[in-house]
Amino acid sequence: MVHWSDVIGARLVEQRPDHLVNTGITPSGEFHIGHLREMLTGEMIARGVRKAGGTAELCFIIDSADPLRKVYSFLDEAYAEYIGVQLFRIPPPDADGKPDLAAFESGTTYADHFLAPFLEALDMLGVRPRLVYNHQAYAEGRYVEHVRTALQQRDRVRQIIEEISGRELTADWWPYSPVDERGCMDGLKVTGFDDTHVHWQAEDGRTGSCDYTVGEGKLPWRLDWPAKWVWLDVTCEAFGKDHGTTGGSYDTGAELCRLFGAEPPEGLTYEWISLRGQGAMSSSAGTTVGPIEALRLVPPEILRYLIASTKPAKAIEFDTGMGLVNLADAYERLLRHDLEAKLEDEELSRRKRVAIEDDISATRLSSVEERNDRPGAVGVTFRHLAMLAQIRSSDEQVWDMIPNEGVDRREFDARLNRMRHWISSHHFPDEMRVGIRDKPNAERLADLTPEEEALRMALIRNFEASLETGWNEANLSANVPDAAREVELPLREAYRLTYELLLGVDVAPKLAPLLAAMEPERVLHLMRGE
RNA sequence: GGGCCUGUAGCUUAGUCAGGUAGAGCGACGGACUCUUAAUCCGUCGGUCGCGGGUUCGAACCCCGUCAGGCCCGCCA
């Protein structure tokens with residue numbers, strides 16, 4: 001019981017049996033894998049609660065009532081007119097970043113546009129939360145009481161925010177953001193309120209009133225959040241470290257939540273995910289790996305495993321190159337071990353026991369479906385599959401080359417498909433590419449020991465013989481061991497030399513399939529050095 | 001300026017809340033598997049726990065200070 005999801009799950013169930021784990025994201029731009037941490041952390045907490053014997057629902061509040069802050073880099077300047085307008089009221093961008101009015105007419109909003117692919121990715125990852133569109137919650141009057149309380153106790157609200165965040169609010173600050181006739185929030189000053197309306201005046205003198213019982217306008221973020229907690233009876237929420245800092249919005253939210261008459265939910269701060277070599281994920285910077293793109297390269301289980309195996313407080317550097325290979329191989333290796341059997345060992349130190357239990361929890365959480373057993377291994381590591389996919393274009397042949405007993409064929413095909421996609425992408429690391437030399441390895445050839453020279457001659461004879469008997473995998477596979485035996489050189493050395501001469505590296509994939517895939521003349525040319 | 005998080009072997013990290021001889025995986029190195037070598041198994045090497053003080057019989061862990069990276073105190077997962 002040491003995995004973070006188990007710890008928090010148990011703590012929650014101690015308090016009460018039924019839980020609502022909340023998440024929330026503003027759909028202001030393209031979603032990225034950073035947002036996946038928000039969702040997966042919440043989902044894993046919910047599983048932790050269920051494992052501890054409680055019930056838990058996962059909720060995803062889409063902050064569609066938030067305004068467009070600025071014209072992001074991926075948007076056309078035409079969006080300038082929508083700054084300050086709520087995201088559910090503005091058109092989605094088209095391929096050029098221009099407002100797509102046609103799509104808007106047919107019902108797709110800016111928020112929907114960015115949300116759709118994210119929801120698709122979530123589904124693939126097994127995250128299926130109850131969806132709440134915040135603008136609808138406002139329209140349905142879910143926050144009427146909280147708005148009223150905030151307006152009536154404006155000074156108290158101000159005091160809480162100022163004291164806890166240490167920030168000074170302006171004299172004309174109000175705990176409500178009204179919208180004008182266009183749905184724009186910018187530049188409006190609140191002039192008063194009554195039981196149902198907030199009155200405002202714009203910079204240009206226009207005045208108006210917002211009916212807050214039907215969702216005209218919204219609470220500012222620091223009040224919006226605790227109002228959600230109270231309405232939905234949220235018992236736990238994981239949030240980014242920006243909210244978790246002392247005096248941050250969780251702290252003020254907790255106090256405002258009490259003002260609304262409820263206890264705040266359990267909070268869990270998580271760190272950001274950054275892209276290796278680039279900075280933090282930012283929707284506006286454009287240098288992101290979207291959830292969909294990530295899932296084209298990585299099986300959902302591995303993405304889940306990444307989140308599950310990293311404590312929330314730890315920053316993650318998402319690496320689509322060698323780091324991905326290492327992660328995926330570590331995962332595959334873990335699945336092959338019978339961790340449950342290892343636990344039976346009475347001699348285990350407490351630490352080792354805990355480490356194994358941790359691995360069990362993390363691998364269970366990696367499963368897209370919530371279940372008590374762990375996913376089965378697929379039979380190949382990423383590394384090995386990367387090689388096989390490069391030397392064989394037929395999926396059927398690759399399948400035959402792995403120990404496929406008990407492996408789900410569809411699962412395997414899906415993984416191979418992603419592997420091929422990865423190989424053809426710019427993410428695939430050069431050091432993983434199987435490269436056959438164009439020219440003989442002159443340096444190495446000039447530097448052979450007598451034994452190595454004897455081996456080389458034997459190899460050439462064997463390859464020439466294979467020309468007669470058939471240049472196929474079965475015939476070729478014996479060539480190196482035969483030659484090694486003949487000259488009494490360790491097999492290891494024999495392979496090493498062969499690789500050096502053919503590929504220029506001393507460690508490589510299985511040789512026979514590679515040889516069979518090569519032109520015989522090319523092999524002999526490289527071996528002879530002429 | 002105030003605050004939060006992170007810093008442990010070449011790499012990824014566990015252990016920090018409840019102080020008790022630093023654990024693991026990868027890589028490297030060595031060996032085994034006598035048709036193998038990105039496969040599998042076994043073994044070895046590798047750590048001044050960012051740094052400096054303090055408390056303690058004993059500190060990676062607690063306290064103070066300090067350095068580095070990231071973040072918050074408008075909005076941001």
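In the text below, chain A, chain B and the rest are named by the order of the sequence lines, each starting its count at 1.
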N or O in side chain of A:Trp272 less than 4.0 angstrom from B:rG70 OP1/OP2: no
Value in whole Å for how far the C1' atom of B:rC76 lies from CD1 of A:Ile61: 17 Å
N/O donor-acceptor pair under 3.5 Å between A:Ser361 side chain and A:Ser5 backbone: no
Residue whose closest nucleotide on RNA chain B lies nearer the 5' end, A:Gly24 versus A:Ser309: A:Ser309
Flag, side chain of A:Arg158 to backbone of A:Pro175, donor-acceptor distance under 3.5 Å: no
Separation of the P atoms in B:rC26 and B:rU36, to the nearest angstrom: 22 Å
Inter-nucleotide C1' distance (B:rA14, B:rC41), Å rounded: 25 Å
Span that lies between the C1' atom of B:rA22 and that of B:rA59, in whole angstrom: 12 Å
Gap in Å between the two C1' atoms, one belonging to B:rC49 and one to B:rC61, rounded: 10 Å
SB check A:Asp6 A:Arg47 (cutoff 4.0 Å): no
Whole-Å distance separating the CZ atom of A:Arg37 from the P atom of B:rC71: 15 Å
Pairwise P distance, B:rU34 and B:rG15 [rounded to whole Å]: 41 Å
Euclidean distance, atom CH2 of residue A:Trp4 to atom P of B:rA14 [Å, nearest integer]: 13 Å
Complement of B:rU16, any strand, by Watson-Crick or G-U distances under 3.5 angstrom: none
Whole-Å gap separating C1' (B:rG15) and CD (A:Glu357): 15 Å
B:rG46 - base-pair partner by Watson-Crick or wobble geometry, distances under 3.5 Å: none
Strand partner of B:rC41, provided both Watson-Crick or wobble distances fall under 3.5 Å: B:rG31
Polar side-chain atom of A:Arg128 near backbone of A:Asp123 as donor-acceptor pair, under 3.5 Å: yes
Sugar-phosphate only, base, or nothing, as touched by A:Arg69 at under 4.0 Å among non-hydrogen atoms: sugar-phosphate
Integer angstrom distance from the P of B:rG65 to that of B:rC71: 24 Å
Length of the line joining A:Trp221:CH2 and B:rC73:P, which is rounded to integer Å: 12 Å
Whole-Å gap separating P (B:rA77) and CG (A:Leu125): 19 Å
Side-chain N or O of A:Lys241 closer than 4.0 Å to phosphate OP1/OP2 of B:rC76: no
Any donor-acceptor pair under 3.5 Å from A:Asp329 side chain to A:Arg383 backbone: yes
Heavy-atom donor-acceptor pair, A:Trp174 side chain to A:Arg154 backbone, under 3.5 Å: no
Side-chain N or O of A:Lys314 closer than 4.0 Å to phosphate OP1/OP2 of B:rA14: yes
From B:rG25, B:rA38, B:rA77, nucleotide with atom closest to A:Arg333 side chain: B:rG25
Steps toward ring-ring contact (aromatic ring centres under 6.0 Å, His included) verdict (A:Tyr250, A:Phe239): CA-CA 9 Å; A:Tyr250 177 76; A:Phe239 38 83; 4.9 Å; yes
Interatomic distance, A:Ile356 CD1 vs B:rG25 C1' [rounded to whole Å]: 13 Å
Spacing of A:Ile316 atom CD1 relative to B:rU13 atom C1', expressed in whole Å: 13 Å
Paired nucleotide for B:rG10 [Watson-Crick or G-U wobble; both distances under 3.5 Å]: B:rC26
Any A:Thr26 side-chain N or O less than 4.0 Å from OP1/OP2 of B:rA77: yes
Nearest listed nucleotide, side chain of A:Thr245, among B:rC75, B:rC5, B:rC72: B:rC72
5' precedence on RNA chain B between A:His243 and A:Asp358 (nearest-nucleotide basis): A:Asp358
Pair assignment for B:rG58, Watson-Crick or G-U wobble, requiring both distances under 3.5 Å: none
Rounded distance in Å between the P positions of B:rG46 and B:rC5: 35 Å
A:Phe118 and A:Phe114: CA distance, side-chain angles, deciding distance, ring-ring contact (aromatic ring centres under 6.0 Å, His included) verdict: CA-CA 7 Å; A:Phe118 186 63; A:Phe114 291 108; over 10 Å; no
Distance, C1' atom - from B:rU48 to B:rC4, rounded to whole angstrom: 29 Å
Sugar-phosphate, base or nothing in reach of A:Ala313, heavy atoms under 4.0 Å: sugar-phosphate
Pair partner, B:rG1 [Watson-Crick or wobble, under 3.5 Å]: B:rC73
Sugar-phosphate only, base, or nothing, as touched by A:Arg222 at under 4.0 Å among non-hydrogen atoms: sugar-phosphate
Base-pairing mate for B:rG65 - Watson-Crick or G-U, with both contacts under 3.5 Å: B:rC51
